[in-house]
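I have placed the structure first, in the form of structure tokens, so that the comments after it can refer back to it.
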Amino acid sequence: MFTYNDQQANEKYYRKVQLPAGDLHVFAGDQLFEALDYKVFDMANNNLQIPNRLYMSYTPDVHVGVGTCIGTTAVWEAASGYVSPSIVGSDIGCGMRVHLTNLHRDDLQEVKLRRKLVKAIEKLLPAEEHARGHFSDIRLEHVLRKGLHGLPKKYIPDGYTPKKATSLTHVEHSKFAFDESHLDRLPEMYWHRSHRQLGTLGSGNHFAEIQAIEIHEDNRAIAEKWGLRDGQIIVMIHSGSRAWGGAVSQYGGSEIGKWMRRTGTGTADPRLIFAPLDSEAAAAYVHLMYSALNYAVTNRHLIAYAIREAFRDVCGSKFEMTTLYDLMHNYAWEETHGGTPMFVHRKGATRALPAQHPDNPEPYLATGHPALIPGSMGTSSYLMVGQPGGERNYYSICHGAGRIRSRSATKRLVTVDQFESSLRVGTADEIVVNQRMLESIIDESPQAYKDVDQIIESVVGAGLASVVAKCKPLASIKGV
DNA sequence: ATGTAC
């Protein structure tokens, strides 16, 4: 069905795949490339039929999603561009957040203490089915309109200091501005549900983990500038915009679907939804999408707030937790590349800017900002930094390990015993998990995912990014 | 991913 260019044969981690509808750029080593399901190419071929000049690429964690694969970067010139809810994904603003603590791995050596900590976190970060957050005093409308700026001051423990990398609130963009008149379009039920869900993880691959880091020797200077130390305990959070993002995706998608039927636009896949940026339906979706980005960033902040309180309950008030970074991997927005405004979609793809790139927030201009890459449960996660070579992929890298098995197939294949042994249950090294019923999250076992170390090798090999630190989990909090 | 869904 496809061929690839021999000229690129000298590049071990990149292939230009020539599909009938256009070129697909794939960043992956041989083994990962050859293991890809043909469906991901089928899907790319549909996506490449969306009009106007489109750059499309996959990172090695790519796998099949609805309409568009997870692991996709898709870029148009903003002036003649399209927006696609399918290339954003339904969990709008889903992403990662990492906090540094003043604890060392040795401080959490005892399994008993890790268990105590997980229990304390569970009290403040509800993880049961249909979990409700503890933040009823927050106005949802303020969060949607202003992101972190819409929070009452008590949830900003060290003041809002965007230029200070050590602030608990420091994020790349803490506020996504948009035309707020569109907010009224979403049904009342979603306002209530989203309000209740503020400060909850959600289920599936979302998690909060306590990890210990190992600094990579190649990037020790950068690690030091970021405030990382060997053996340091960090908190990593993976969550998104909960019901709000889903509602935006559904409403925006159905309006865009109407536009497609009216104009007779489409591809072979009816679930691939898209419209030109200058259409009314596309504009409404983009406005609402930004409200979901505000929700997602704030949600991760509130999860971090809850975890900070729990740590302080267990470790005392000398415990400190500062923000390293917050970074989304499901969104679309405008960026300038080579002086041209471009509309960039990332679905399961992470922006990783190199040192000196002007879009870095000021505290990270000299080093490049941290790119936060989760692994699967029980395996390592990574803190990375963009390299100049990332320019050819619009500075996009992978977003994690990437699934290789459906949830149902994983449940059939993996036993609780196997899952327990990958979490080293019963040893001094046990990764403590909040969920007692491991069968309820067995579809998240490492066997459901590609090997994150191989994914990282491809991204590094392709010259897109390099590793600053490897993060090993000590405890993991999952929702159901 | 989602108190899943024509």
Side-chain angles (χ1 to χ4, degrees), chain A residues 43 61-72 84-97 125-133 140 186-208 237-254 257-258 261 269-273 285 288-289 291-293 295-300 303 328-332 345-350 374 376-377 399-411 435 437 440-445 448-449 477-480:
Chain A
M43 212 158 234
D61 49 331
V62 68
H63 60 102
V64 170
V66 177
T68 301
C69 291
I70 293 127
T72 296
S84 165
S86 315
I87 322 184
V88 170
S90 65
D91 191 1
I92 300 166
C94 180
M96 307 301 302
R97 174 180 272 254
L125 177 63
E128 71 279 5
E129 213 174 347
H130 308 172
R132 291 172 174 226
L140 176 62
L186 292 193
E188 198 68 15
M189 178 184 70
Y190 288 101
W191 283 81
H192 288 302
R193 198 173 286 175
S194 307
H195 186 242
R196 282 205 302 264
Q197 289 179 334
L198 265 174
T200 61
L201 281 170
S203 59
N205 58 3
H206 291 169
F207 67 78
I237 294 161
H238 181 190
S239 187
S241 53
R242 312 291 281 107
W244 187 261
V248 167
S249 197
Q250 203 179 18
Y251 172 80
S254 77
K258 285 181 203 160
R261 281 190 293 281
D269 184 356
R271 293 196 295 179
L272 176 56
I273 311 288
Y285 170 73
L288 286 168
M289 174 179 44
S291 74
L293 300 185
Y295 186 105
V297 170
T298 308
N299 189 40
R300 285 189 291 272
I303 290 167
M328 318 173 286
H329 49 231
N330 283 0
Y331 63 105
H345 294 68
R346 294 194 178 91
K347 182 183 189 181
T350 306
S376 54
M377 254 187 110
H399 84 305
R403 283 199 97 78
I404 36 168
R405 232 167 238 113
S406 68
R407 297 195 179 277
S408 53
T410 309
K411 280 178 191 155
Q435 296 293 344
M437 299 282 111
S440 67
I441 52 168
I442 208 159
D443 48 349
E444 282 295 309
S445 81
Y449 287 89
I477 292 95
K478 298 283 287 183
V480 283

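None of the values given here were measured: they were computed from a predicted structure. Reminder, nothing fancy here: chain letters follow the sequence lines and each chain counts from 1.
Atom-to-atom, CD of A/E444 to P of B/dA1 comes out at 6 Å; the value is rounded to the nearest Å. We find that CD of A/E129 is positioned 11 Å from P of B/dT2, with the value rounded to whole Å. Straight-line distance from the CD1 atom of A/I70 to the C1' atom of B/dA1: 9 Å, rounded to whole Å. What separates NE2 of A/H206 from C1' of B/dT4 is a distance of 15 Å, to the nearest Å. Atom NE2 of A/H399 and atom P of B/dA1 are 8 Å apart (whole Å). Regarding A/R271, its CZ atom lies at a distance of 18 Å from the P atom of B/dT4, rounded to whole Å. A/I441 places its CD1 atom 16 Å from the C1' atom of B/dA1, with the value rounded to the nearest Å. When rounded to the nearest whole Å, the span between CD1 of A/I92 and P of B/dT2 equals 13 Å.
Looking at heavy-atom distances under 4.0 Å, A/G246 makes no contact with the nucleic acid at all.
A/V66 is not listed as a side-chain neighbour of A/S90, based on a closest heavy-atom distance of 4.5 Å or more.
Shown here are the side chain to side chain contact (heavy atoms under 4.5 Å, CB included) partners of A/A208, two or more places apart in sequence or in another chain: A/L125, A/L201, A/I237, A/I307, A/I477. Residues meeting the side chain to side chain donor-acceptor pair (under 3.5 Å) test with A/N205, sequence neighbours left out: none.
A donor and an acceptor atom never sit less than 3.5 Å apart when one is taken from the side chain of A/S203 and the other from the base of B/dA1.
One distance of note links CG of A/L272 with OG1 of A/T68; it measures 5.0 Å at 0.5 Å rounding.
For B/dT2, one of the phosphate oxygens OP1 or OP2 lies less than 4.0 angstrom from a side-chain nitrogen or oxygen of A/R242.
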